[in-house]
Amino acid sequence: MKKSHLLLLATVLTVTFPAFSQKSTLQKKEDILKSVEKHQQELIALSDDIWSYAETALMEHKSSKALADYAEAQGFTVERNVADLPTAFIASYGSGKPIIGIMGEYDALPGLSQKAQTTKEALNADAPGHGCGHNMFGPGSLGAAIAIKELMEAGQLKGTIRFYGTPAEEDLAGKVYMARAGVFNDLDVCLDWHPSYLNEASVQSSQAVSDFSINFKGKSAHAAADPWNGRSALDAAEFFTTGINSLREHVKPSVRMHYVYTNAGQVPNVIPAEASVWLWIRDSKRSGVAEVAERMKNIAKGAALMAGVDYEVKLNSGLYEILVNQAGANVLQKNIEFVGPITYTAEEIEFANNIMKEYGLEAKGIDGSIHEMKETSKDAVGGSTDVGDVSYIVPEISLGAVTAPDGSPWHSWVVVACGGMSIGHKGMLFASKSLGTTMVDLFEDASLRAEIKEDFLKRKGNEIWKAMLPDGPAPIPNPKTN
């Protein structure tokens with residue numbers, strides 16, 4: 001080969017080699033941390049905006065738009081109005097397999113408005129507030145997705161990253177409607193996180209739940225002049241709740257039943273022609289909920305017979321328990337240890353202690369350390385989530401990240417206050433880094449994805465997921481009445 005040809009070849013190699021150089025996995029994870037830090041002020045501002053909007057289920061128009069617009073500005077392709085839900089969207093980047101999803105919520109809870117301070121004071125009287133920290137959930141997950149997108153853009157990862165904007169977790173089960181539309185079906189793995197008072201890879205399930213309305217219809221009459229002509233729907237409702245309360249003695253300890261009367265008549269001197277009870281049944285497994293639901297239906301039938309009225313049992317929605325994926329949790333645990341603990345200033349620790357004292361609980365500080373994974377519990381304790389439905393469709397990996405003091409009461413003004421200041425911000429950024437670094441492993445290691453899928457299939461067994469929803473579209477709230 002001529003000398004001139006050698007010089008030309010050397011020049012070509014020098015110019016093109018960097019474009020094809022692959023960083024190590026460790027270097028890619030370092031890039032994830034740098035990306036989150038680069039965008040952190042934008043993510044904090046986004047979280048604070050959603051905190052101030054505090055919009056409830058399927059009313060999260062400003063919150064959803066803020067997240068979707070930001071994703072679009074970062075180079076994602078955004079599909080809005082997913083599954084006919086006005087505040088659901090999907091932001092995608094890349095092409096081909098693997099397809100890794102990450103979810104983010106942004107709905108608030110009614111009546112929990114609170115300023116970011118240690119004393120109880122509403123930001124807006126009687127308004128909603130983020131008592132479960134969902135203002136941080138969406139931006140935290142999106143921050144991780146952006147970091148992955150930037151590695152793809154640089155040619156360091158291959159595949160597709162999807163951020164799912166999932167509304168209405170606290171009510172109306174937004175993810176179940178999205179799942180029914182099939183939007184999670186082609187994922188290899190899905191991730192999520194939730195505000196907590198511990199940093200940990202979550203291996204605890206949730207409770208399955210079914211949401212019912214029990215409606216009774218009788219005949220009205222004058223309560224004094226001719227009550228014998230009436231048939232009291234309220235009598236039936238009271239017989240029904242008496243039956244439910246008697247049933248409590250004869251169900252497993254894992255079962256929970258809670259109800260309210262949503263219609264019990266208007267005035268005492270009219271025999272109520274209509275009455276309704278709103279009932280939730282929970283258990284550690286969906287099969288347990290179904291068993292109790294059958295007994296509940298018989299109680300409703302008996303109550304109607306006793307009162308001489310008609311009845312209807314209507315399923316509003318239902319949620320599966322979370323199907324834990326131990327193989328995925330193991331990967332996540334290594335990455336949260338890589339990211340390292342959250343450190344707090346003296347002022348933040350003082351804030352945490354003071355707000356707990358103000359609430360009336362023991363001040364135990366705030367724990368930013370990395371916790372070891374707990375043993376998987378047979379029976380879930382606590383609440384329910386529509387993440388459970390997704391976990392029966394695709395392997396699901398969940399993170400808990402500290403956004404409030406140790407022992408904080410969730411769905412309270414304490415969590416709202418902490419989510420609007422630096423304690424919450426730090427937990428959100430920790431989540432972005434932990435989930436982003438975990439996704440690096442998932443994109444790079446096909447054998448790891450296979451192990452996670454094997455765990456999923458083994459735990460799922462013969463269970464076939466089916467949406468526990470009534471036919472038809474989601475009940476979109478009317479803005480004029482909310």
Side-chain angles (χ1 to χ4, degrees), residues 47-67 85-88 104-117 119-139 165-177 194-196 206-207 209-213 256-264 276-282 314 316-319 355 358-360 382-387 403-404 408-421 424 474-482:
S47 174
D48 285 349
D49 284 345
I50 296 170
W51 183 85
S52 68
Y53 299 150
E55 299 165 300
T56 54
L58 295 184
M59 298 295 291
E60 319 98 320
H61 298 288
K62 292 179 182 178
S63 304
S64 173
K65 185 178 186 303
L67 284 163
L85 301 177
T87 54
E105 299 167 7
Y106 32 87
D107 59 328
L109 287 156
L112 285 181
S113 180
Q114 168 63 30
K115 293 182 178 179
Q117 62 186 37
T119 54
K120 189 175 187 299
E121 184 182 357
L123 182 67
N124 298 297
D126 301 319
H130 278 282
C132 215
H134 293 180
N135 61 296
M136 298 166 284
F137 193 159
T166 60
E169 188 273 341
E170 298 290 2
D171 190 17
L172 303 177
K175 293 183 194 65
V176 186
Y177 286 93
H194 199 281
S196 178
S206 58
Q207 287 189 312
V209 62
S210 285
D211 173 336
F212 294 98
S213 291
R256 299 288 185 272
M257 295 179 285
H258 11 262
Y259 62 83
V260 293
Y261 290 92
T262 54
N263 182 6
S276 298
V277 177
W278 185 11
L279 172 73
W280 287 17
I281 302 173
R282 305 187 201 240
K314 178 186 174 186
N316 298 316
S317 67
L319 306 176
I355 201 167
E358 179 71 19
Y359 188 85
S384 309
T385 174
D386 52 11
V387 173
T403 61
S408 296
W410 294 98
H411 290 196
S412 79
W413 64 270
V414 171
V415 174
V416 183
C418 292
M421 49 85 68
I476 308 299
N478 184 344
K480 294 180 181 179
T481 59
N482 282 271

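Listed by chain and number, the residues in a side-chain hydrogen bond (donor to acceptor under 3.5 Å, both in side chains) with Glu105 are His134, Lys175 (sequence neighbours excluded). Taking the side-chain hydrogen bond (donor to acceptor under 3.5 Å, both in side chains) definition, one finds that Lys65 meets it with Asp69, sequence neighbours left out.
Here the side chain of His130 pairs a donor or acceptor atom with the backbone of Ile50 at under 3.5 angstrom. No side-chain donor-acceptor contact under 3.5 Å links Gln114 to the backbone of Leu112. One N or O on the side chain of Ser64 and one on the backbone of Thr87 form a donor-acceptor pair closer than 3.5 Å. In this structure a side-chain-to-backbone donor-acceptor pair under 3.5 Å is missing from Asp107 to Pro167. No donor-acceptor pair under 3.5 Å is formed between the side chain of Trp278 and the backbone N or O of His258. Not a single donor-acceptor pair under 3.5 Å links the side chain of Asn263 to the backbone N or O of Val277.
In this structure, Ser276 OG and Tyr261 OH are separated by 11.5 Å, a value rounded to the nearest 0.5 Å. The distance from the SG atom of Cys418 to the CD atom of Gln117 is 12.0 Å, given to the nearest 0.5 Å. From Asp386, atom CG reaches atom CD of Glu169 across 5.0 Å, with rounding to the nearest 0.5 Å. We find the OG1-CG distance between Thr56 and Leu109 to be 9.0 Å, quoted to the nearest 0.5 Å. Between atom CD of residue Gln207 and atom OG1 of residue Thr385 there is a gap of 12.5 Å, rounded to the nearest 0.5 Å.
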task = Show your reasoning for whether side chain to side chain contact (heavy atoms under 4.5 Å, CB included) applies to Tyr106 and Thr166.
result = CA-CA 8 Å; Tyr106 32 87; Thr166 60; 5.6 Å; no
key: Criterion side chain to side chain contact (heavy atoms under 4.5 Å, CB included) on Val209 and Ile281, from CA distance to verdict   = CA-CA 5 Å; Val209 62; Ile281 302 173; 6.0 Å; no
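Between Trp410 and His194, the ring-plane angle classifies as perpendicular under the 30° and 60° cut-offs.
With a 4.5 Å cut-off on side-chain heavy atoms, Val176 and Leu319 count as touching.
Considering every non-hydrogen atom in both Glu170 and Cys132, the closest pair reads OE2-CB, 3.2 Å. Scanning all heavy atoms of the two residues, the minimum distance from Ser206 to Ser384 falls at CB-CA, 4.3 Å.
Asn124 and Ser113 share no donor-acceptor pair across their side chains, judged by distance under 3.5 Å alone. Checked by atom type, the side-chain pair Ser63/Glu55 shows a donor-acceptor distance below 3.5 Å. Using modelled atom types and a 3.5 Å distance limit, the side chains of Thr119 and Glu121 yield no donor-acceptor pair.
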